[in-house]
There are 4 protein chains.
Amino acid sequence: MKYSFKNDYSEMAHPKILKALSAVGNRQFEGYGLDDYSSNATILLKKTFKVPNADIHFISGATHANLVVISSALRPHEAVIAPESGHIFVHEAGSIEATGHKICTRPGYNGKLSVGDIESIMLEHSDEHMVKPRLVYISLSTECGTVYTKAELSIISKYCKSNSLYLYIDGARLSVAINSPACDLSYIDIAELADAFILGGTKGGALFGEVIVIVNDKLKEDFRFLLKQRGGLLAKTAAISVQFNSLLTDGLLDELAIHSINMAKKLSDGIVSLGYEFMYPVETNLIIPIFPVEIVEKMRQSYSFYDWKGLGNKTAVRLLTSWATPENMVDEFIANLRLMGGH
Amino acid sequence: MKYSFKNDYSEMAHPKILKALSAVGNRQFEGYGLDDYSSNATILLKKTFKVPNADIHFISGATHANLVVISSALRPHEAVIAPESGHIFVHEAGSIEATGHKICTRPGYNGKLSVGDIESIMLEHSDEHMVKPRLVYISLSTECGTVYTKAELSIISKYCKSNSLYLYIDGARLSVAINSPACDLSYIDIAELADAFILGGTKGGALFGEVIVIVNDKLKEDFRFLLKQRGGLLAKTAAISVQFNSLLTDGLLDELAIHSINMAKKLSDGIVSLGYEFMYPVETNLIIPIFPVEIVEKMRQSYSFYDWKGLGNKTAVRLLTSWATPENMVDEFIANLRLMGGH
Amino acid sequence: MKYSFKNDYSEMAHPKILKALSAVGNRQFEGYGLDDYSSNATILLKKTFKVPNADIHFISGATHANLVVISSALRPHEAVIAPESGHIFVHEAGSIEATGHKICTRPGYNGKLSVGDIESIMLEHSDEHMVKPRLVYISLSTECGTVYTKAELSIISKYCKSNSLYLYIDGARLSVAINSPACDLSYIDIAELADAFILGGTKGGALFGEVIVIVNDKLKEDFRFLLKQRGGLLAKTAAISVQFNSLLTDGLLDELAIHSINMAKKLSDGIVSLGYEFMYPVETNLIIPIFPVEIVEKMRQSYSFYDWKGLGNKTAVRLLTSWATPENMVDEFIANLRLMGGH
Amino acid sequence: MKYSFKNDYSEMAHPKILKALSAVGNRQFEGYGLDDYSSNATILLKKTFKVPNADIHFISGATHANLVVISSALRPHEAVIAPESGHIFVHEAGSIEATGHKICTRPGYNGKLSVGDIESIMLEHSDEHMVKPRLVYISLSTECGTVYTKAELSIISKYCKSNSLYLYIDGARLSVAINSPACDLSYIDIAELADAFILGGTKGGALFGEVIVIVNDKLKEDFRFLLKQRGGLLAKTAAISVQFNSLLTDGLLDELAIHSINMAKKLSDGIVSLGYEFMYPVETNLIIPIFPVEIVEKMRQSYSFYDWKGLGNKTAVRLLTSWATPENMVDEFIANLRLMGGH
């Protein structure tokens with residue numbers, strides 16, 4: 001089997017997490033997140049994000065989290081604003097529309113939405129013959145591997161607050177964003193600027209599971225009903241919260257994020273040193289270098305990865321590193337690239 | 001903490017399952033169920049149910065599985081037939097209606113629907129001013145702890161086939177049903193009689209996860225789209241299929257089901273010996289004895305359980321055993337009941 | 001063609017209404033209800049119901065009105081309480097469920113729901129595994145031809161207000177209810193007791209069209225968006241409001257309602273005089289006498305009507321009179337019944 | 001009140017139509033379209049479109065028709081392809097998304113979609129992480145006042161048939177398209193090339209009402225259930241079909257369409273003669289001239305119309321003529337424009 005740079009969920013789970021799950025033994029716990037493990041994870045999460053009054057929920061996957069939060073926040077005629085590259089717009093099989101809501105988009109830049117983008121959508125939606133935008137969706141880090149700066153996110157947050165828009169952050173890869181050298185946002189900033197967001201576990205070293213953090217009181221009411229109704233309230237929610245207890249102990253979550261960023265940095269440094277360019281700034285564990293088509297085909301014989309975009313006789317390819325990526329595989333990739341590229 | 005007979009998902013997972021998850025180590029796998037673990041589990045499941053042509057999917061929870069299958073099977077005006085005690089009708093927070101479909105009910109008997117019940121609903125729905133029933137939902141084992149016999153299920157299946165109704169079995173507790181002495185159905189029978197069904201892992205010893213088996217070709221098309229759209233297609237589907245590989249190796253799934261049935265049998269025998277009666281026949285790991293109110297309150301000081309129904313000066317309470325229930329806790333419960341009951 | 005007592009929408013429209021439509025000529029008007037005819041009808045309606053602050057909307061049919069109002073009022077997990085005979089539960093093809101909401105029912109009595117019925121549903125719905133009832137739906141007059149008294153409706157309204165439940169009245173036949181001798185409610189009472197309701201035109205002499213009156217401020221926001229989204233905001237809304245201007249001028253609406261009630265009274269008096277009984281109290285223009293099967297079959301040769309329910313060797317049949325029912329057809333029906341019945 | 005060129009539904013109904021409604025008198029008819037007027041209109045429509053086997057339904061408005069047809073045709077994960085200017089994408093308040101379906105768009109050209117546009121969307125949607133396009137929506141005439149030629153529509157239809165896509169035509173303004181000198185399509189061509197379409201009455205001289213024509217057998221099943229469920233099955237459907245009987249007798253529908261086209265032609269000829277340009281080709285009764293901002297403001301004092309788009313110191317404005325537009329108002333508009341423009 002070829003080594004895969006396809007994504008950051010190709011490995012099962014960090015050993016500490018599996019150990020924590022095993023350590024529970026046959027100790028009984030309450031169902032549906034009313035257990036001690038979930039209470040403890042909730043305390044740790046509230047500390048991490050400095051949100052003593054937030055509501056915390058656990059769910060198995062990020063697409064699921066996105067649709068539950070968004071459909072819970074909106075009345076039937078209300079819509080979402082998102083960049084065209086937004087995961088909910090492209091790669092969630094119409095999950096938001098399936099709950100009844102339109103997504104209004106702008107192309108964005110480097111996977112990011114600007115206040116100008118948001119405002120242009122707001123100005124366009126003027127009467128009851130059109131949907132009413134009510135929630136701004138952004139991903140952090142983005143589907144292009146980029147991050148928002150504190151300045152960028154603050155101005156979006158401010159605009160949202162002034163225009164009755166909820167700001168929701170899809171943080172399936174939040175830990176790599178926060179730990180990115182390009183990102184001056186802290187976990188606390190996220191919770192201050194967003195009305196609701198998710199913190200991903202699946203891509204961060206957990207077996208599975210995401211955290212939903214609801215900061216804005218208006219979005220809290222009856223959320224457990226909505227989680228249950230969409231099939232998101234797991235009987236053994238404890239199985240998720242045990243994992244977040246591990247991830248939030250001794251800085252494991254950040255440690256794993258940093259590892260994946262470092263591996264991507266090493267990978268991109270090697271690629272740069274061989275004279276190749278990138279589609280977007282290299283900021284996290286997802287990088288999109290541009291190679292000649294023949295190089296791509298040669299590399300594909302040894303490695304798995306997705307093509308991002310055809311560019312004539314070149315192809316942009318998407319490479320992801322994870323919490324588990326071994327440094328020697330990065331070295332090997334660069335070495336192979338040098339050989340194949342004839343450098 | 002009091003010992004809990006509240007449900008069969010109070011303990012994390014059987015050690016063999018956690019061991020199997022750990023054994024994966026950092027071995028990479030494909031996302032979204034396109035991995036080798038899932039292929040292997042699919043082979044095992046097809047053997048177990050003798051359905052070489054069935055489609056097999058994995059999902060994290062049973063409420064979620066129910067809503068994905070049912071909403072995928074129906075056109076907007078089509079409805080579900082279910083007993084009033086059906087989990088989807090009572091305890092899934094309107095999940096089916098949230099996907100747009102009405103559930104037509106009859107009271108049923110002992111948690112079970114009869115062909116007469118189904119036929120009376122069919123006769124009532126005569127024109128386009130009413131919904132069109134299209135799928136029959138039953139639980140096996142039922143929410144009352146009972147099972148269908150092969151004769152009962154066969155006649156329902158036959159009626160469904162003759163009347164353009166899909167038969168869907170919510171088998172969140174299928175393994176205890178199949179292993180119940182009161183049930184003459186095999187796994188193979190289930191797959192022969194139903195158009196689609198689920199096999200539960202969460203209540204059967206797994207950390208989490210259910211299997212969706214689609215037998216009828218008409219229900220297969222594009223199911224992965226629908227699973228994705230409802231948030232049910234996990235990136236690390238492998239984390240579920242690894243568990244089912246364990247459960248289906250060396251008969252672990254059945255072994256655990258039998259243990260829970262035996263514990264319930266011992267519990268009910270003790271209760272019977274003390275002169276108490278039951279709401280429904282004792283057939284699986286869910287039993288509903290009737291105790292005087294004062295006994296219930298005394299027992300509640302030492303044990304957790306749900307009240308099922310108030311009956312004047314008596315209360316029916318729901319007791320569940322699990323794959324992890326220790327025999328000595330059953331003995332202790334009976335001993336305490338004898339003491340408290342003054343027997 | 002046989003004379004029809006099948007319903008009260010078998011005749012096109014009262015001549016005054018068609019005359020009013022013709023009187024518009026080629027005079028231009030604004031689209032979507034922003035015209036002068038709609039403004040004027042709104043003034044008349046606000047006077048009739050004494051609701052200067054209510055929001056008034058026009059829509060083409062009652063099923064449509066019901067689904068727009070109800071789906072606009074509820075969050076996804078919120079449910080409707082209705083009697084089993086409620087039109088939305090039985091005869092609107094799952095329209096409410098198609099917008100995502102469950103209807104919780106009780107059998108009711110004579111087509112009416114009691115506070116006890118509502119309370120029993122409220123008590124049953126205790127946690128997030130179940131839907132949350134949020135709106136009570138009743139019909140006035142009911143599908144059984146009966147009416148609520150002021151005492152009955154007041155206590156329901158009070159209970160709703162105390163329990164965060166909206167009270168919505170499907171008044172597709174409101175004018176016959178208000179003008180029923182059995183009903184001590186006025187139009188003003190309706191608006192005081194309900195949070196929202198409809199006033200029917202289709203069954204009251206109009207060509208088509210219903211009025212939606214929203215009294216409770218919480219239900220007003222963005223309603224035009226929701227009306228548009230569900231396809232209910234007609235370009236020529238003026239075509240509906242012109243009709244209501246006629247109906248609300250010189251008491252036409254009430255006059256037509258009284259005629260239909262009088263015809264039903266005469267019909268039921270004749271039936272009673274021949275010794276037959278009724279399923280429900282005779283209170284409006286919908287009556288349900290019980291005849292021997294052979295009488296029903298004989299009468300069916302001369303008249304159209306629906307069978308309501310088989311009762312062994314008898315059948316209850318539904319007879320409706322309308323604003324257009326000629327008195328001589330009522331006389332003829334009774335005369336035929338006397339002959340056929342051998343009285 | 002200023003004379004309005006805002007739309008083609010500013011006048012009530014052609015006198016012949018109101019006369020036909022009045023001519024019914026108190027003659028009784030069956031409810032829900034099962035009446036003789038509807039049967040007769042169905043025969044006329046089948047002749048007009050030469051579709052003896054099509055299913056014909058009547059509904060009060062076009063937004064409603066669009067959502068009923070589209071939501072009936074699609075499974076939950078299936079999506080619509082439309083131009084960005086499509087009415088369902090922009091001006092129906094998210095009605096399609098509210099039924100659960102995404103609309104995939106391309107900018108299109110002159111309000112029209114090309115096969116290249118459709119194909120590029122199809123190529124982009126490659127797996128189950130994305131929606132599956134299943135229906136192509138186009139408007140004829142378009143929101144820009146343009147029409148498709150037979151060549152253009154034929155190649156779209158052919159592509160759709162080869163790619164399992166339904167072709168649905170929103171013909172709210174179909175009669176002006178068919179009668180446009182720029183359009184070489186006949187009513188019969190429409191029915192041959194589309195799987196389903198609507199024929200508008202509201203904008204064509206009727207009081208209200210649209211016809212839904214379903215040509216493809218796959219889209220026919222249970223359509224009346226779906227019409228009822230969405231609130232579209234009017235009790236007095238006869239009130240719509242009586243109108244279409246008039247419109248389809250002695251060529252009234254075409255006569256009125258031709259009048260509106262002629263008035264728009266005269267209007268645009270006058271505008272051209274004064275040296276102004278248009279946003280799109282002038283082909284039907286909807287024209288979009290470009291005037292200097294100060295001219296627009298002067299004309300606005302005498303006429304109602306919508307601004308289409310700001311273009312710096314010019315504005316494109318939308319002018320519509322209708323079946324009722326008097327020729328002298330067109331002359332007056334041009335005369336005023338000449339005066340105001342200083343020509």
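Note that these values count all heavy atoms, side chains included, but never hydrogens, waters or copies made by symmetry.
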Inset, instruction - Assess whether side chain to side chain donor-acceptor pair (under 3.5 Å) is satisfied between D/Asn7 and D/Tyr306, documenting all intermediate values. - result: CA-CA 9 Å; D/Asn7 53 51; D/Tyr306 285 109; 5.0 Å; no
Legend entry - Min side-chain heavy-atom separation C/Leu253-C/Leu199 under 4.5 Å: yes
Inset, instruction - Tell me, out of C/Ile17, C/Val242, C/Asn66, C/Asn26, who's got the most heavy-atom pairs with chain D below 4.5 Å. - result: C/Asn26
Legend entry - Per-residue contact mode, D/Tyr9 against chain C (heavy atom under 4.5 angstrom): both
Legend entry - Test: C/Lys266 and C/Asp331 ion pair at under 4.0 Å: yes
Legend entry - Greatest number of heavy atom pairs closer than 4.5 Å to chain D - which of C/Ala13, C/Ala238, C/Ala239, C/Ala93: C/Ala93
Inset, instruction - Please examine the side chains of C/Arg300 and C/Asp307, heavy atoms only from C-beta on, and report whether any two atoms are closer than 4.5 Å. - result: yes
Inset, instruction - Kindly indicate whether the side chain of C/Glu143, heavy atoms from C-beta on, has any atom under 4.5 Å from the side chain of C/Phe89. - result: no
Inset, instruction - Find the one option among C/Gly25, C/Ala62, C/Gly61, C/Ser60 whose heavy-atom pairs under 4.5 Å with chain D are most numerous. - result: C/Ser60
Legend entry - Per-residue contact mode, D/Ala206 against chain C (heavy atom under 4.5 angstrom): backbone
Inset, instruction - Compare all side-chain heavy atoms of C/Met329 with those of C/Thr321 and state whether any distance is below 4.5 angstrom. - result: no
Legend entry - Given C/Glu11, C/Met263, C/His259, C/Lys203, the one that forms side-chain contact (heavy atoms from CB on, under 4.5 Å) with C/Ser322: C/Glu11
Legend entry - Under 4.5 Å from a heavy atom of chain C, the part of D/His91 involved: backbone
Legend entry - Check: C/Thr63/D/Lys228 side-chain N/O donor and acceptor closer than 3.5 Å: yes
Inset, instruction - Could you pull out the closest heavy-atom pair between C/Ala82 and C/Ile103, with the gap in Å? - result: CB-CG2, 3.7 Å
Inset, instruction - Enter the distance from D/Ser10:OG to D/Leu320:CG here, rounded to the nearest 0.5 Å. - result: 8.5 Å
Legend entry - Residues of residues 68-80 of chain D near chain C, each having a heavy atom less than 4.5 Å away: none
Legend entry - Residue part contacting chain D, namely of C/Leu21, when any heavy atom lies under 4.5 Å: both
Legend entry - Pick from D/Arg230, D/Glu30, D/Gln28 with the largest number of heavy-atom pairs that fall under 4.5 Å of chain C: D/Gln28
Legend entry - Best-contacting candidate, D/Phe29, D/Tyr3, D/Phe225, against chain C by heavy atom pairs under 4.5 angstrom: D/Phe29
Inset, instruction - Would you please classify the geometry between the C/Tyr168 ring and the C/Tyr137 ring as parallel, tilted or perpendicular, with 30° and 60° separating the classes? - result: tilted
Inset, instruction - Select one option (side chain, backbone, both, neither) describing which atoms of D/Leu207 are under 4.5 Å from chain C's heavy atoms. - result: both
